[in-house]
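A quick note: this is a predicted structure, and the numbers were derived from the prediction, not measured.
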Amino acid sequence: MMALVTTAEVCDANPQLLLSGELRALQPVFQIYGQRQVFSGPVVTLKVFEDNVLVRGFLEEKGNGRVLVVDGGGSLRCAILGGNPVVQAQNNGWAGIVVNGCIRDVDEINGCDIGVRALASHPVKAAKKGNGERHVPVSIGGTRIYDGEWLYVDTDGILVSKTELSV
């Protein structure tokens, strides 16, 4: 869908979904990383804080075109995603990753055929305690995102929809 239609066109075509909240736009706070600037897929949610064990665990699974949405609490004190897990995500068929937090190994991530959005890059790596919650509602970019919703991403922004959209 998003290969032919932009997020702006989706918004223009669906004013009723925007009004009802079934279609929501995230605030434009994310930087663009990775080679895939346009991606979409069903959402898998994860909530962690300055800890990347669960992030790595998810990306070691088969992605099947899904998008991992990580609520890292907006922390700018360390990176919760690095190059090796992103390479694994690419190899395991994830469509993309959206991180409400920082990443590191930007050159390696930018070499991957996957879409990554994050607040910033940071050289310090996260703790490895294994704390966090899987498949829970998360709040990032000024909106609530639920496991199983759909994410649509391009260079204009990020949309989340309760259902898969067809335009």
Side-chain angles (χ1 to χ4, degrees), residues 2 7 24-161:
M2 292 306 289
T7 55
R24 300 164 322 272
L26 273 64
Q27 294 168 345
V29 295
F30 298 94
Q31 303 297 313
I32 298 172
Y33 303 97
Q35 290 182 357
R36 199 178 296 175
Q37 297 201 339
V38 177
F39 60 95
S40 64
V43 169
V44 178
T45 59
L46 182 58
K47 188 171 190 163
V48 299
F49 188 73
E50 298 180 358
D51 187 326
N52 73 348
V53 172
L54 295 181
V55 176
R56 290 186 76 109
F58 258 121
L59 299 176
E60 288 168 0
E61 299 172 10
K62 289 290 174 204
N64 300 317
R66 296 177 295 170
V67 177
L68 182 60
V69 175
V70 183
D71 180 358
S75 173
L76 300 176
R77 299 189 305 189
C78 66
I80 55 173
L81 180 66
N84 290 339
V86 172
V87 169
Q88 250 184 329
Q90 167 197 263
N91 296 340
N92 286 335
W94 288 86
I97 308 163
V98 177
V99 179
N100 183 29
C102 294
I103 63 167
R104 60 185 257 162
D105 307 323
V106 170
D107 289 343
E108 188 172 4
I109 290 172
N110 284 342
C112 290
D113 180 24
I114 191 169
V116 177
R117 298 293 187 273
L119 296 179
S121 60
H122 200 292
V124 175
K125 61 177 148 184
K128 300 204 181 309
K129 296 177 183 159
N131 297 331
E133 298 174 274
R134 303 163 153 255
H135 308 292
V136 295
V138 296
S139 293
I140 70 168
T143 195
R144 199 102 166 116
I145 301 175
Y146 298 88
D147 208 70
E149 289 190 309
W150 282 74
L151 214 67
Y152 298 92
V153 183
D154 66 11
T155 52
D156 278 342
I158 302 172
L159 296 176
V160 62
S161 172

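- Here the shortest heavy-atom pairing between A95 and G65 reads CB-O, 3.5 Å.
- The closest side-chain heavy-atom distance from L119 to F30 is below 4.5 Å.
- In this structure, R56 contributes its side chain and V53 its backbone to no donor-acceptor pair below 3.5 Å.
- Side-chain contact check for R117 versus I32: some heavy-atom pair is nearer than 4.5 Å.
- Here the straight-line distance linking atom CG of L151 with atom CZ of R66 works out to 14.0 Å at 0.5 Å rounding.
- Between the N92 side chain and the G63 main chain, no donor and acceptor come within less than 3.5 Å of each other.
- Residues A118 and G101 share a closest heavy-atom pair of CB-O, 3.6 Å.
- Rounding to the nearest 0.5 Å gives a distance of 4.5 Å between OH of Y33 and CD1 of I103.
- Using a 4.5 Å cut-off on side-chain heavy atoms (C-beta onward), L26 and I145 make contact.
- Shortest non-hydrogen contact noted between A126 and C78 is CA-SG, 3.9 Å.
- In this structure, H122 and L76 approach most closely via the heavy-atom pair CD2-O, 3.0 Å.
- Using a distance-only test at 3.5 Å, with no hydrogens or angles considered, a donor-acceptor pair links the side chain of D154 to the main chain of T7.
- Residues N100 and V138 are not in side-chain contact: their nearest non-hydrogen atoms beyond the backbone lie 4.5 Å or more apart.
- A side-chain donor-acceptor contact under 3.5 Å links Q35 to the backbone of G111.
- A donor-acceptor pair under 3.5 Å is formed between the side chain of R104 and the backbone N or O of P123.
- In this model, a donor atom of one side chain and an acceptor atom of the other lie less than 3.5 Å apart for R144 and S139.
- Between the side chain of Q90 and the backbone N or O of D113, at least one donor-acceptor pair lies under 3.5 Å.
- The NZ atom of K47 lies 6.0 Å from the CD atom of E133; values are rounded to the nearest 0.5 Å.
- For the side chain to side chain contact (heavy atoms under 4.5 Å, CB included) with R134, the qualifying choice from L54, V44, V48 is L54, the only one to do so.
- In this structure, V67 and S40 have side chains that are not in contact, with every pair of non-hydrogen atoms separated by 4.5 Å or more.
- Although no hydrogens or angles enter the test, the distance criterion places a donor-acceptor pair under 3.5 Å between the side chain of D51 and the main chain of N131.
- For the atom pair K129 NZ and F49 CZ, the distance stands at 10.0 Å (nearest 0.5 Å).
- With values rounded to the nearest 0.5 angstrom, I114 atom CD1 is found 9.0 Å from L68 atom CG.
- V70 has its side chain out of reach of L81: every pair of non-hydrogen atoms, C-beta onward, lies at least 4.5 Å apart.
- Screening I97, V87, N52 for a side chain to side chain contact (heavy atoms under 4.5 Å, CB included) with L59, the sole residue that qualifies is I97.
- Atoms CG and OG1, from D147 and T45 in turn, are 4.0 Å apart once rounded to the nearest 0.5 Å.
- Although no hydrogens or angles enter the test, the distance criterion places a donor-acceptor pair under 3.5 Å between the side chain of W94 and the main chain of E61.
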